[in-house]
Amino acid sequence: MEVVVLDKPADVVAHGFTLVQKQVERKPDSVLGLATGATMEPLYKLMRELDLSRATTFNLDEYVGLSSDHPCSYAAYMRKHLFRQSPVKEHHLLNGLAKDIPAHCRAFEEAIEVAGGIDLQLLGLGTDGHIGFNEPGSSLNSRTRLKILTPSTRRANSKHFPPDETVPQYVLTMGVGTIMDAAHCVLLAHGSSKARAVAGAVEGGVSAFCPASVLQMHNRCTFIVDSEAAAELKLRDYYRTVFENKPSWME
Ligand code: GLP
């Protein structure tokens, strides 16, 4: 596990971009796992400059009941922030209107397998420690499935919805186990609202209470956080020292 503590949100995004850029340059037909949320928007702005025409993508999650045309769906988010400007070879999004949800989720898992697995999975972090939409209490072995959002996540995500619309209660999400199968997980978080979740994920015990904490068990996981999000990390100065003194061959 590598914890990269940087000064500002823009530094977090720039470092995340460098990792994606290196991945795509090394392997133009990379399989990328994509996340949504405000944290990812500036990253996708940078990624539009990359040639993603040979890449395959899988999105983490989607709201149940929203069609891909709904402006608050993650399908619409991806078109707006990335796909329109930098088309990928093939993108896979969970369908919020799927009739047979278990079959749809199984097919999504199979598609990841057929693609050869995810090379690099981007992750944001919920204020309650969720990754994807795996809320506290999610099995750390879970696969893609239906979940019910906590009231706090629905409140947090209401900023992306018009005032007269409620945030759906049901969602589809890759499971924690699905995320853990990615070869490299890259989690970005900035701002003081994420400080408690970052501390839980990086330095708390591994627990379904903070699903992101399972990343401590991942072979290759990079947490990239700004100084505000790192505020509750006991070893934050040490993480900075490690990153600043990393031998170049370790890149
Ligand atoms: C949603 C997404 C998560 C994302 C989280 C953080 O809940 N399902 O994948 O990590 O938002 O969002 P933001 O970056 O807006 O804080």
Side-chain angles (χ1 to χ4, degrees), residues 8-10 12-13 15-17 32-47 57-66 68 70-78 80-82 92-96 105 108 118 120-138 142 144-161 166-176 178-180 182 185-198 200-202 210-215 221-226 228-230:
K8 306 180 301 295
V12 170
V13 171
H15 189 61
F17 174 69
L32 303 175
L34 302 178
T36 50
T39 310
M40 295 296 147
E41 289 176 21
L43 174 64
Y44 292 144
K45 197 166 176 194
L46 297 176
M47 281 171 62
T57 64
F58 287 88
N59 260 80
L60 277 170
D61 44 19
E62 182 57 285
Y63 292 105
V64 169
L66 300 193
S68 62
H70 190 290
C72 301
S73 71
Y74 286 158
Y77 172 106
M78 289 312 305
K80 177 175 174 195
H81 294 290
L82 185 65
H92 298 258
L93 282 133
L94 286 156
N95 177 3
C105 293
F108 190 79
I118 293 173
L120 186 151
Q121 174 68 57
L122 289 171
L123 296 168
L125 182 65
T127 49
D128 60 3
H130 73 234
I131 44 176
F133 266 140
N134 293 285
E135 294 284 37
S138 293
S142 49
T144 304
R145 70 213 182 293
L146 178 89
K147 287 293 289 180
I148 295 185
L149 294 181
T150 60
S152 82
T153 297
R154 292 179 78 196
R155 260 194 313 278
N157 287 6
S158 64
K159 63 176 184 268
H160 302 297
F161 282 74
T166 52
V167 178
Q169 188 178 20
Y170 293 99
V171 291
L172 301 180
T173 181
M174 274 188 207
V176 182
T178 320
I179 293 168
M180 288 292 281
C185 287
V186 177
L187 184 146
L188 271 58
H190 56 70
S192 55
S193 68
K194 301 289 172 77
R196 193 175 51 93
V198 167
V202 174
C210 177
S213 64
V214 76
L215 294 167
C221 176
T222 312
F223 287 88
I224 315 173
V225 298
D226 74 341
E228 285 191 357

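Counting starts at 1 for both ligands and their atoms, following the listed order.
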List of N/O pairs, ligand 1 versus protein, all under 3.5 Å?
unit_1: ligand 1; atom_1: 7 (O); unit_2: H130; atom_2: NE2; d: 2.9
unit_1: ligand 1; atom_1: 7 (O); unit_2: N157; atom_2: ND2; d: 3.2
unit_1: ligand 1; atom_1: 8 (N); unit_2: D61; atom_2: OD2; d: 2.7
unit_1: ligand 1; atom_1: 8 (N); unit_2: G132; atom_2: O; d: 3.3
unit_1: ligand 1; atom_1: 9 (O); unit_2: G132; atom_2: O; d: 3.4
unit_1: ligand 1; atom_1: 10 (O); unit_2: L125; atom_2: N; d: 3.2
unit_1: ligand 1; atom_1: 14 (O); unit_2: A38; atom_2: N; d: 3.3
unit_1: ligand 1; atom_1: 14 (O); unit_2: T39; atom_2: N; d: 2.9
unit_1: ligand 1; atom_1: 14 (O); unit_2: T39; atom_2: OG1; d: 2.5
unit_1: ligand 1; atom_1: 15 (O); unit_2: A38; atom_2: N; d: 2.8
unit_1: ligand 1; atom_1: 16 (O); unit_2: K194; atom_2: NZ; d: 2.7

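- Ring planes of Y77 and Y74: perpendicular class, angle over 60° (limits at 30 and 60°).
- Residues satisfying the side chain to side chain contact (heavy atoms under 4.5 Å, CB included) criterion with E135, sequence neighbours excluded, are D128, H130, L149, T150, T153.
- Taking 4.5 Å as the limit, some side-chain heavy atom of V186 sits within range of a side-chain heavy atom of L120.
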If you look only at distance, which donor and acceptor atoms sit under 3.5 Å apart when one is on a side chain in residues 34-44 and the other is two or more places apart or in another chain?
unit_1: Y44; atom_1: OH; unit_2: A35; atom_2: N; d: 3.1
unit_1: Y44; atom_1: OH; unit_2: A35; atom_2: O; d: 2.5

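- Two rings, from Y63 and F133, have their centers less than 6.0 Å apart.
- Considering only residues two or more places apart in sequence or on other chains, H70 meets the side chain to side chain donor-acceptor pair (under 3.5 Å) condition with E165.
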